[in-house]
Number of protein chains: 2
Amino acid sequence: MSGTTRRRPTHRKGRATLTRESVGEAALAYLGEHGAAALTMRSLAAELGVSARALYNYVDDRRDLVAVAAGIFQAGWRPPRLDPAPGAWRASLGAFCADLRAHYRRHPGMTTLALSENVTMAGHPVMLRNVDALIGFYAAVGLTPADAYRACMETVRLVVGFVEFEDAPRDRPPAHLDPGDLQAHPPPWLRTDEDDALSHLAAVAELAPDSADTRFAFAVEVFTEGLAARRRSA
Amino acid sequence: MSGTTRRRPTHRKGRATLTRESVGEAALAYLGEHGAAALTMRSLAAELGVSARALYNYVDDRRDLVAVAAGIFQAGWRPPRLDPAPGAWRASLGAFCADLRAHYRRHPGMTTLALSENVTMAGHPVMLRNVDALIGFYAAVGLTPADAYRACMETVRLVVGFVEFEDAPRDRPPAHLDPGDLQAHPPPWLRTDEDDALSHLAAVAELAPDSADTRFAFAVEVFTEGLAARRRSA
DNA sequence: ACCTGAACACCGTTCAAGT
DNA sequence: ACCTGAACACCGTTCAAGT
């Protein structure tokens with residue numbers, strides 16, 4: 001036996017040795033590059049220059065692979081600082097939400113994949129720190145501890161839901177959809193010819209179209225003002 | 001040729017003849033019974049006593065099948081009446097959201113399936129009427145037309161997002177998760193031992209646990225008050 | 001017109017065998 | 001310890017042939 005600790009080899013057959021983390025990182029990168037549907041055990045193995053069976057030495061199954069990728073995804077977010085001062089907290093919260101939205105948009109399909117594979121999108125220590133900071137922010141703003149926790153969960157849900165339902169279809173347009181329809185306002189599935197029966201809908205069609213950013217800002221502002229009202233009435 | 005119009009046969013080989021609608025209804029029922037993962041072309045065909053190939057005479061592909069099922073799902077909702085009167089609109093909106101939530105919970109996995117298959121969850125005439133009524137409600141409450149439209153979209157997103165992220169995992173617990181963890185508060189992935197560093201999170205753990213209904217009510221109330229504030233400031 | 005059964009090109013996962 | 005290649009039981013989808 002040598003006196004020095006035996007080091008795991010960092011390379012094998014001219015290829016970097018795999019680890020649970022490196023496999024997860026590769027999955028996350030592959031996801032961002034080729035989309036969720038293209039991420040299979042076989043395709044990822046091929047990308048890594050290895051047989052599909054080899055991946056099972058590092059992850060339990062496909063679900064576990066997605067879970068590892070989701071953890072790495074979350075750890076990659078550094079949130080902007082939150083300022084609970086009376087004149088600053090609204091703008092601060094808005095910037096926080098916008099930044100979180102941008103992070104999720106960088107990896108379209110990550111959330112859908114996690115949902116369909118029943119992976120809970122959380123658990124990384126870095127994310128715990130972010131959640132803790134957000135709860136603290138809400139408490140400092142004037143919410144009760146219980147409401148601060150609820151507001152924290154609702155914040156994440158608002159942002160993730162918006163990305164999932166609004167941004168994802170536009171950022172990675174499905175092949176079967178006319179790209180023009182995605183920009184249309186109102187969306188094509190809301191168009192109708194029975195103007196008499198659906199008068200409000202017809203009126204909306206006359207308005208100048210909203211951008212996704214405008215709709216996101218609306219959602220965040222309404223949420224923010226709702227919290228402000230809740231704080232006053234407490 | 002007979003003088004009477006030829007009627008399509010309603011049965012074939014002792015089995016009801018298939019139609020695009022009946023196949024979609026069967027898919028929706030199968031989804032509610034066995035979950036989204038179990039719904040395959042082959043399993044649905046077997047349920048209908050037919051070969052997998054036969055389904056392709058009525059739907060283009062799996063995506064189309066999900067789209068038909070989604071349409072039938074939406075058509076099956078009769079929303080409660082909305083009352084925009086000053087003293088009634090908040091409670092009215094709350095009941096509307098609670099009813100919509102209950103409808104989505106009746107078919108867990110429908111939304112996730114639609115998302116992963118890139119199916120836009122809308123388009124049925126009945127749903128158009130509901131959307132129109134909701135926009136009219138918000139306009140009557142005092143929102144501008146543009147805001148009424150945004151609020152309508154945000155309402156649906158709030159409810160569907162809540163069902164997707166909160167209710168679905170509990171209503172159809174994934175096999176790999178400890179059922180007890182789903183009731184836990186805070187959720188297991190938020191638990192930590194580094195109490196010193198994550199003080200706010202630790203404080204939350206001391207609180208009485210929230211029910212999903214409580215969290216949903218919080219989300220709807222915050223949204224409602226946010227809209228009320230937006231109306232006043234307009 | 002509508003069906004069946006076989007087939008194709010894929011999956012995730014496992015087994016037996018290599019080094 | 002970690003890999004490969006073949007195999008198994010599935011998918012969605014299509015083809016050729018039946019009635």
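No hydrogens, no waters, no symmetry mates; every other heavy atom, side chains included, goes into these values. Each chain gets a letter, A, B and so on, in the order its sequence line appears, and its residues count up from 1.
Here dC8(D) sits opposite dG12(C) as a Watson-Crick or G-U wobble pair (both hydrogen-bonding atom distances under 3.5 Å).
Considering only the side chain of Tyr58(B), dC2(C) comes nearest among dC2(D), dG12(C), dC2(C). Of the listed nucleotides (dA7(D), dG12(D), dC3(C)), dC3(C) has the atom at the smallest distance from the side chain of Ala54(B). Across dC2(D), dT13(D), dG12(C), the shortest atom-to-atom separation from the side chain of Tyr56(A) is found for dG12(C).
Distance, Asp64(B) CG to dG12(D) P: 14 Å, rounded to whole Å. Taking atom CG on Leu48(A) and atom P on dC3(D), their separation rounds to 10 Å, with Å as the unit. The separation between Leu44(B) atom CG and dT13(D) atom P is 13 Å, rounded to whole Å. Remark: P of dC10(D) and CG of Asp61(A) are 18 Å apart, rounded to the nearest angstrom. Rounded to an integer number of Å, the gap from Met41(A) CE to dT4(D) C1' is 15 Å.
Between Phe73(A) and His103(A), the ring planes are parallel. Angles under 30° get that label, and only those over 60° would be called perpendicular.
Residue contacts for Thr40(A): at a heavy-atom cut-off of 4.0 Å it reaches the sugar-phosphate backbone alone, with no base atom in range.
Regarding contacts with the backbone of dA1(C), every side-chain N or O of Asn57(B) stays at 4.0 angstrom or more from both OP1 and OP2. An OP1 or OP2 oxygen of dT4(D) is reached within less than 4.0 angstrom by no side-chain nitrogen or oxygen of Arg53(A).
For the side chain to side chain contact (heavy atoms under 4.5 Å, CB included) test with Phe216(B), the passing option among Val163(B), Asp210(B), Val159(B) is Val159(B); the others fail.
Residue Arg42(A) is the one, among Arg42(A) and Arg42(B), whose nearest nucleotide of DNA chain D lies closer to the 5' end (criterion: closest heavy atom).
Looking at every heavy atom in both residues, Trp77(A) comes nearest to Val126(A) through O-CG1, 4.2 Å.
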